[in-house]
Amino acid sequence: MRATVRQAARATVQLVVSAAMTFGSYIFVTVLLITAILTATVVGAFMLPETVLLIRRIAGAKRQQAGAWTGRKIPEAYQPLTGTVRERLRTAVRDPGTLTDFRWMVAYYAYGTLPVLMLPLWPLGLVVDGVWCGLLRRRAVVLPLISKLADLDAHWSTVLLKPSPKAQLAVRVEELTQTRAGAIAAHEAELRRIERDLHDGTQARLVSLSMRIGLAKRAYDQDPAAARRMLDDAQTLAEEALTDLRHVVRAIHPPILTDRGLVGAVRALAASSALSVTVTVDGLTDGHDGPRAPAAVEAAAYFVVAESLTNAAKYSGADRADVHLARARTGLRVRVRDEGRGGADEAGGSGLLGMRRRVAALDGGVTLTSPVGGPTVIEVELPCVW
């Protein structure tokens, strides 16, 4: 009986909150009608986007309430209301999420009265279930109906507030548009970096190499020893230029990924890092044994680990880090953790923005947790088919 009363009390709180939201919705209908009338006369068209935003907040509050009761989050799918008044008005009218919220609000005026049915159940339940459970030791029959009412309210809200496929598609298109823009920006930044490395490094060394060889040719007949020294310098410059070219090529796509796979490449990164790095692997194998992720996914994961370890060595003040690679059913997961000072900021120029853009180009996600005092944890999920 005690557990039944506690569950009924919890459902009562849920229904009371729902009743308060219903009362607020009844008041809000006045604002909605005024907006509709003014919009029809064109005078108050500017009010419509603000009204739609208010409806979104009310619907969002209901989504949170129903999701907290059912334990299943109800997603949102809205187009952003930005731009001029005309653009905001057009978006508010055409957004499929507006129709979804309006349909829910109309229905909520009817089923929002469910909490009223709870009022007679409490006195009746305390008497009937008190005798039925307390004396006869039977299962309660009246008080559980309060929980059924809360379940019904949450179920109808979930069905009505769930975004339509059209709304989800519109949000997905917006996400892909932003992802494409980020990928293009990351690609342009990478091209500028490669051009800068070739111009400032390799090209300068090759020009100096050409000059040394020319001077050596001129001095060869008159001063063979000086010519030999110049040729030695030219050989050194050629080796340095070759090293620069290798660095540029490795930055585009590290050859070690092709030779040893992601696990072997990450272990090589850990061995050459200034930190003491521990690498753990779940579901992946070294080399070419077993399934491998696509080359683009492996390159992105390698870049994430390399950038994370570099940032940790430069800024965190930590002396060790942990790298975890895991094969998931839907893709590849990477987690890098260090016990440094924390406080990592994407706006600080530490390469986190470039990392996020590179991962977003593959439809992946980056989660950064870095409270002041540490630890810093970077978690990346890259979708792929194994």
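Since this is a predicted model, take the numbers as computed values, not measurements.
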Between OG1 on residue T98 and CD1 on residue I55, distance to nearest 0.5 Å: 7.5 Å

Neighbour count >12 (heavy atoms, 6.0 Å) for atom CZ, R103: yes

Exercise: do W104 and Y111 side chains pair donor with acceptor under 3.5 Å: yes

Residue pair V304 / R358, side-chain heavy-atom distance below 4.5 Å: no

Check: Y109 main-chain N/O paired with T113 side-chain donor or acceptor under 3.5 Å: no

Charged N-O contact under 4.0 Å between R337 and D322: no

L242 CG to L237 CG distance, which is reported to the nearest 0.5 Å: 12.5 Å

Stepwise salt bridge (Lys or Arg N to Asp or Glu O under 4.0 Å) check, D153 with K62: CA-CA 10 Å; D153 176 83; K62 188 60 182 179; 2.8 Å; yes

Electrostatic pair E339:R320 at N-O distance under 4.0 angstrom: no

Between S18 and Y108: side-chain donor-acceptor atoms closer than 3.5 Å: yes

Residues, nucleotides or ligands: over 12 heavy atoms within 6.0 Å of R333 CZ: no

Check: G343 main-chain N/O paired with S370 side-chain donor or acceptor under 3.5 Å: yes

Ion pair check, R56 and D95, cut-off under 4.0 Å: yes

Polar contact flag, side-chain donor to acceptor under 3.5 angstrom, D151-W69: yes

Main-chain N/O of V334 paired to E379 side chain as donor or acceptor, under 3.5 Å: no

Joint cluster assignment, L152 & V159, ILVMFWY side-chain distance < 4.5 Å: no

Side chain D101, main chain A59, donor-acceptor under 3.5 Å: no

Under 3.5 Å donor-acceptor, S273 side chain and L269 backbone: no

